[in-house]
Protein chains: 2
Amino acid sequence: MKTAKPSTSPDILLLDQQLCFALYAASRAVTAAYRPLLESLDLTYPQYLTMLVLWEQDGVTVRELGRRLQLDSGTLTPLLKRLQQAGLVSRERRSSDEREVEIRLTPAGRELRASAESIPACLAARLCMEPDDMRRLRDELRELAARVLSTDA
Amino acid sequence: MKTAKPSTSPDILLLDQQLCFALYAASRAVTAAYRPLLESLDLTYPQYLTMLVLWEQDGVTVRELGRRLQLDSGTLTPLLKRLQQAGLVSRERRSSDEREVEIRLTPAGRELRASAESIPACLAARLCMEPDDMRRLRDELRELAARVLSTDA
DNA sequence: AAAAATTCAATTGTACACAATTGAATTTTG
DNA sequence: CAAAATTCAATTGTGTACAATTGAATTTTT
């Protein structure tokens, strides 16, 4: 007899239906898995990502770091000050353009790389995933992020 | 002639190789995509997820909310106080067990649901993904999170 | 070249995340 | 039943995220 119940639509808003929540939860779970491994290096997860960039390419500006990590100076400036405090990087204005601040690894920062090399394999083991599946998922996520970011400009 | 270059291993640590970074970046990108939509509801993204749980099941404890969202009281208590401040929920100790705090929707909190119903479709459009692909990716991420969380106990 | 616009990092302010501790309420044990 | 252990939310403290503003340095326009 189909009476007029206000009919709030059914499962569209169920938490476990949401891709966004699965993404949010997975991201935090993976970060949490890194935490004990990074503890021995005295790095937080975002600090670790920052070091990855620097090990790849030393002497980048805050701006370039922000571009790679998709983070702004409001996040990076205090994070980099902590890395400097820990003796891992130096921060110096570029003489060629005094607006830019160049981040450089100290010897201690360079040496930390060796201790970090075992981490990705450690995590991969925790995830129990085939390397192929990991690459596929990684690429899918990159695709997703790229699509989302491209649409809002 | 293979001289002894210290041989820091090659690409294991490249940022763009990391599944974890793809996940971290995608999660933040998707959250950023929600932000303008949630602004009209005066909700942050974690507040929106909290409301999803409450719309699904009103009158839950902080503990139960934490279980669903994988967040602890350190995160939830101030978040819920803000939702209370905004007039969307009430927080009251349970008489049956005074340790527990029950979160209930106010009429305004219940009414907000209608405004939220268009959001998932909006986002889906932004992602340019087939519903099937979204479900598959969501399930893969849930699997990933479950595996990571199960290994650390 | 002087004025206007832009770029860059830093700062300020709000809101998560999360480890660790606290203290009240309840349950389990001896 | 009383003591010990556990559970729960709140609190404290650190470290991101990110919007918005600031102020100095550089580039572009007049």
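Computed from heavy atoms alone, side chains included, the values below leave out hydrogens, waters and symmetry copies.
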Between [N] ([atom2]) and [X] ([atom1]): distance, integer Å:
X        : N      : atom1 : atom2 : answer
B:Gln84  : D:dA9  : CD    : P     : 15 Å
B:Tyr24  : D:dT16 : OH    : P     : 9 Å
A:Asp42  : D:dT14 : CG    : P     : 15 Å
A:Glu100 : C:dT7  : CD    : P     : 12 Å
A:Leu80  : C:dC8  : CG    : P     : 16 Å
B:Arg99  : D:dA5  : CZ    : P     : 17 Å
B:Arg67  : D:dA9  : CZ    : P     : 13 Å
B:Arg28  : C:dC16 : CZ    : P     : 17 Å

Among the candidates [options], find the nucleotide nearest to the side-chain atoms of [X].
X       : options                : answer
A:Leu71 : D:dA25, D:dA17, C:dA10 : D:dA17
B:Arg63 : D:dT16, C:dA9, D:dA9   : D:dA9
B:Glu98 : C:dT26, C:dA10, C:dC18 : C:dT26
A:Thr77 : D:dA25, C:dA10, D:dA10 : C:dA10

Quick one: is [N] close enough that its OP1 or OP2 comes under 4.0 Å of any side-chain N or O from [X]?
X       : N      : answer
A:Lys81 : C:dT11 : yes
B:Arg93 : D:dA9  : no
A:Gln47 : D:dG15 : no
A:Thr44 : D:dT16 : yes
A:Arg35 : C:dC18 : yes

**Asked** Around B:Glu92, counting heavy atoms of other residues, nucleotides and ligands shown, do more than 12 lie under 6.0 Å from its CD?
**Response**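 Open.
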**Item:** More than 12 heavy atoms of other groups within 6.0 Å of B:Arg63 CZ
**Value:**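 No.
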Would you mind classifying the nucleic acid contact of [X] as base, sugar-phosphate or nothing, using non-hydrogen atoms under 4.0 angstrom?
X       : value
B:Thr31 : nothing
B:Arg82 : sugar-phosphate
A:Leu79 : sugar-phosphate
B:Arg91 : sugar-phosphate

Any Lys/Arg nitrogen of [X] or [Y] sitting under 4.0 Å from an Asp/Glu carboxylate oxygen of the other?
X        : Y        : value
A:Arg94  : A:Asp97  : no
A:Arg136 : A:Glu140 : yes
A:Arg147 : A:Glu143 : yes
B:Asp16  : A:Arg68  : yes

**Message:** Both B:Gly74 and B:Asp97 contact DNA chain D. Taking the nearest nucleotide for each, which residue is further toward the 5' end?
**Reply:**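 Nearest nucleotide further toward 5': that of B:Asp97.
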**Message:** If you assign A:Ser95 and A:Asp72 each to the DNA chain D nucleotide with the nearest heavy atom, which residue ends up on the more 5' nucleotide?
**Reply:**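 Between the two, 5'-proximity favours A:Asp72.
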**Request:** Identify the nucleotide, in any strand shown, that forms a Watson-Crick or G-U wobble pair with C:dA2, with both distances under 3.5 Å; if there is none, say none.
**Result:**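 The base-pairing partner of C:dA2, which may sit in any strand shown, is D:dT29.
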**Prompt:** Using purine N1 to pyrimidine N3 plus N6-O4 or O6-N4 for Watson-Crick, or N1-O2 and O6-N3 for G-U wobble, each under 3.5 Å, what pairs with C:dT29?
**Reply:**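 C:dT29 is paired, partner D:dA2.
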**Prompt:** A:Val62 or A:Glu39: which one's nearest nucleotide on DNA chain C is closer to the 5' end?
**Reply:**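 Final value for this comparison: A:Val62.
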**Prompt:** When the nearest nucleotide of DNA chain C is assigned to B:Tyr45 and to B:Ser96 on a heavy-atom basis, which residue is associated with the more 5' position?
**Reply:**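 So the residue in question is B:Tyr45.
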**Asked** Is the base of C:dA10 touched by the side chain of A:Ser73 through a donor-acceptor pair closer than 3.5 angstrom?
**Response**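 Flag set: donor-acceptor pair detected.
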**Prompt:** Considering all heavy atoms of both residues, which atom of A:Ala33 and which atom of B:Val148 are nearest to each other, and what is their separation?
**Reply:**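 Closest approach of A:Ala33 to B:Val148, heavy atoms only: CB-CG1, 3.5 Å.
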